[in-house]
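What you are looking at is a predicted structure, and each value in this text was computed from that prediction instead of being measured. Reckoned from all heavy atoms, side chains included, excluding hydrogens, waters and symmetry mates.
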Amino acid sequence: MTAEYLPHLKGWLEDAGAAKVACDVKSALLALGRLGIDARGFEHDVMLYAFLLDADPSGCALEEQARRRLDVQLGPAPEQHADITLELWKQLAPAVEARGMAKLYAEIELPLAPVLARMERAGVRIDTSELRRLSELMEGQIARLTSQIHGIAGRTFNISSPQQLGEVLFDELNLPAPVKYGKGKTRSTAADVLEELAADHEIVRQVLEYRQLTKLKGTYVDALPALLEPRTGRLHTSFNQTGAATGRLSSSNPNLQNIPIRTELGREIRAAFVPQEGWKLLVADYSQIELRLLAHMSDDARLVEAFRDGEDIHTRTASEVLGVPPLMVTPEARRDAKAVNFGIVYGISAFGLAAQLGISRGEAEKYIKNYFARYAGVRRFIDATIEEVRRTGVTRTLFGRERPIPEINSRNPNARGFAERTAVNSPLQGTAADLIKLAMVRIDAALEAGAYQSAMLLQVHDELVFECPPEEVEAVSKLVKREMEGACQLNVPLVVDVGVGDNWRDAK
DNA sequence: CTGGAAAGCGCC
DNA sequence: AAAGGGCGCTTTCCAG
């Protein structure tokens, strides 16, 4: 079997007889696309094989794999890239098969690569004049806050420097210093610390507002327009299919998976994401995906029942934990229950829950105790999951994706605790990632089969964003909902909310 | 001047 | 003893 290589692709494309092999199919497709070549039929992606085997985002690129598995230092020669790619393919493809991940590879990861390539090439349109307006508005607010903060401090200083801010607040104005310390013994000025002081101190409230404005202006409002592709006038992110150990995608240059939504100002920024003239944006997101997967994987009777009955899950948890009927659950109780539900998924401690809810550690312990008394299946699931990871050393998703957890039997209690939380969270986060990836592949195929013009643009973990001509909106809404909800059969229903609008904010 | 660590914070 | 899982980006600060 001889390797053919294309020097202008730096060895990306190797044709090994009948089997088309690349070290990175998505990059190969994008590079070929720029040359006007519509390539199809790649069967083997060495980087994806490596990622399935190691779940190590920093170690699955060709150079690192060549070093680790073949003890070869990769040079610039395309011939070497081609040879190494084939050598690794021969080793990794059978290993993926042997570990039971051939189906995950063939039905999800490999077919996803061309979908991501098309999403990146499509890009997303931004209303730059809207962002310019916001930028000027925010500039004025920041200037006002800066002079007010300096006024109260009695001197000028760099408000963006945590070090200088700490000196002003805790040494000069003698505000109560936080218990929380950074690694270098610096007193923390993080938002949760400042919020403790905000009620009593005007300057702290202004610093928090200053932080929000400078963060959003610097990271989004001013940064995004600079990244527009001149040729398309659109924003083209990169989706990294090997970017997160759990199996999630990541997004960079720019990261379009962390566009603001929480605050009103943030939502203004999101409203600047718009469809091409005359088209619509369509947003579809899985409702409570990780908690539904917790219900399925734990088979907890109450959790399963709650989702089957279509109940509001946080209200139900509040009702269970407090022992009151759902109609008597106050908004505050629901908020607390929501924190408990997320805490379960993340492996929170009583200490952490207490800090977040502003209650005593004893109160938090009661909440957690009550939770597990009512959701005994969840307790069993968590214990069984940790036990299995102790035995096997890996977590596994519903679709068979593995993640090594080497520290699970560490004698260091800190490292072991971290590993145990990771062991519980990874199957949930990872299965959710598998599920939406599968949905993306199904939707892409269905759009292709129906010859729709609508395009998938973005994925944000439990949400997909599409751009649709108005006459397709209705049909594509149904298609997307059907393919997402039908991606997999669980003990509980999968629910997808679909919205349509003239920008990303209003479509949600 | 550059690179990296640390702090902080945006999202799910 | 630490104390919530997964990311990427910006700014500050400091060492080389």
Below 4.0 Å: OP1/OP2 of [N] and any side-chain N or O of [X]:
| X | N | result |
| --- | --- | --- |
| A:Ser188 | B:dG8 | yes |
| A:Thr186 | B:dA6 | no |
| A:Thr189 | B:dG8 | yes |

When the distance from [atom1] of [X] to [atom2] of [N] is rounded to whole Å, what number comes out?
| X | N | atom1 | atom2 | value |
| --- | --- | --- | --- | --- |
| A:Gln288 | B:dC12 | CD | P | 12 Å |
| A:His461 | C:dC7 | NE2 | C1' | 6 Å |
| A:Ile159 | B:dC9 | CD1 | C1' | 17 Å |
| A:Asn341 | B:dC12 | CG | P | 17 Å |
| A:Glu167 | C:dT12 | CD | P | 15 Å |
| A:Tyr346 | B:dC12 | OH | P | 10 Å |
| A:Asn425 | B:dC12 | CG | C1' | 11 Å |
| A:Asp192 | B:dA7 | CG | C1' | 12 Å |

Taking DNA chain C as the partner, which of [range] come within under 4.0 angstrom of it by heavy atom?
| range | answer |
| --- | --- |
| residues 393-423 of chain A | A:Arg403, A:Asn414, A:Phe418, A:Arg421, A:Thr422 |
| residues 111-128 of chain A | none |
| residues 365-385 of chain A | none |
| residues 247-273 of chain A | A:Arg248, A:Ser250, A:Ser251, A:Ser252, A:Asn253, A:Asn255 |

Quote, to the nearest angstrom, the P distance that separates B:dG8 from C:dA1.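 Their P atoms lie roughly 23 Å apart.
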Hey, does [X] reach any base, or is it just sugar-phosphate, or nothing, if we go heavy atoms under 4.0 Å?
| X | value |
| --- | --- |
| A:Ala191 | sugar-phosphate |
| A:Gly343 | base |
| A:Ala354 | nothing |
| A:Val345 | nothing |

So that I can tick it off, tell me whether [Y] and [X] are bridged by a salt bridge, with the cut-off set at under 4.0 angstrom between side-chain N and carboxylate O.
| X | Y | value |
| --- | --- | --- |
| A:Glu365 | A:Arg361 | yes |
| A:Asp171 | A:Arg187 | yes |
| A:Glu172 | A:Arg155 | yes |
| A:Asp462 | A:Arg292 | no |
| A:Glu320 | A:Arg316 | yes |
| A:Glu332 | A:Arg335 | no |

Cation-pi check for A:Phe273 against A:Arg270: NZ or CZ below 6.0 Å from the six-membered ring centre and within 45 degrees of the axis, yes or no?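 Relative to the ring axis of A:Phe273, which defines the angle, A:Arg270 lies outside at least one limit.
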For residues 351-378 of chain A, which residue pairs pass the ring pair (Phe, Tyr, Trp, His ring centres under 6.0 Å) check, not counting sequence neighbours?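 Only A:Tyr371-A:Tyr375 qualify under ring pair (Phe, Tyr, Trp, His ring centres under 6.0 Å).
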Can you pull out the residues from residues 196-222 of chain A that lie within a 4.0 Å heavy-atom distance of DNA chain B?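 Under 4.0 Å from DNA chain B: A:Arg211, A:Lys215, A:Leu216, A:Tyr220.
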Within residues 50-65 of chain A, residues whose heavy atoms come under 4.0 Å of DNA chain B: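 Nothing qualifies; none.
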Just wondering, more than 12 heavy atoms not from [X] lying within 6.0 Å of its [atom1]?
| X | atom1 | value |
| --- | --- | --- |
| A:Glu196 | CD | no |
| A:Arg411 | CZ | no |
| A:Arg380 | CZ | no |

Nearest non-hydrogen partners of A:Ala487 and A:Leu438, listed with the distance: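 Smallest heavy-atom distance, with atoms named: O-CD2, 3.3 Å.
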Taking every non-hydrogen atom, the tightest pair across A:Arg234 and A:His236: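 The pair with the smallest heavy-atom distance is O-CD2, 3.3 Å.
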Residue pairs, two or more places apart or on separate chains, that pass side chain to side chain donor-acceptor pair (under 3.5 Å) and touch residues 394-409 of chain A: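 Listed once each, the pairs are A:Arg99-A:Glu402, A:Glu109-A:Arg401, A:Arg396-A:Glu402, A:Thr397-A:Asp434, A:Arg401-A:Asp434, A:Arg403-A:Ser426.
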Name all residues meeting the side-chain hydrogen bond (donor to acceptor under 3.5 Å, both in side chains) criterion together with A:Asp444; count only those two or more places apart in sequence or in a different chain, and write none if there are none.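 Partners of A:Asp444 under the side-chain hydrogen bond (donor to acceptor under 3.5 Å, both in side chains) test: A:Arg118.
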Yes or no on salt bridge (charged side-chain N to carboxylate O under 4.0 Å, His left out) for A:Arg442 and A:Glu107, after CA distance, side-chain angles and deciding distance? CA-CA 10 Å; A:Arg442 288 162 57 102; A:Glu107 294 180 14; over 6 Å; no
Residue list, side-chain contact (heavy atoms from CB on, under 4.5 Å) with A:Ala191, at least two apart or on another chain: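 Listed in chain order: A:Glu195, A:Leu208.
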Checking A:Arg144 against A:Glu209 for the salt bridge (charged side-chain N to carboxylate O under 4.0 Å, His left out) test, could you report, in this order, the C-alpha distance in whole Å, the side-chain angles of both residues, the deciding distance, and whether it holds? CA-CA 11 Å; A:Arg144 174 182 61 83; A:Glu209 196 182 346; 3.7 Å; yes
Any N/O pairs under 3.5 Å between the protein and nucleotides 13-15 of chain C? List them or say none.
residue, atom, partner, partner atom, Å
C:dC13, OP1, A:Ser161, OG, 2.3
C:dC13, OP1, A:Gln164, NE2, 3.2

Which residue lies toward the 5' end of DNA chain C, A:Ala245 or A:Ile344, if each is placed at its nearest nucleotide?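 Comparing both residues, the 5'-ward one is A:Ile344.
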Between A:Asn158 and A:Ser161, is any side-chain donor less than 3.5 angstrom from a side-chain acceptor?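 No, no side-chain donor-acceptor contact under 3.5 Å.
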Ignoring hydrogens and angles, state whether a donor on the side chain of A:Ser238 or A:Asn240 is under 3.5 Å from an acceptor on the partner side chain.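 Side chains of A:Ser238 and A:Asn240: no pair found under 3.5 Å.
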Do A:Leu62 and A:Leu74 make a side-chain contact, defined as non-hydrogen atoms from C-beta onward lying under 4.5 Å apart?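 When only atoms from C-beta onward are counted, A:Leu74 and A:Leu62 do touch, with a gap below 4.5 Å.
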Can you list the stems that include DNA chain C, where a stem is three or more consecutive Watson-Crick or G-U pairs with distances under 3.5 Å?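 When the pairs of DNA chain C are grouped into runs of at least three, the stems are B:1-12 with C:5-16.
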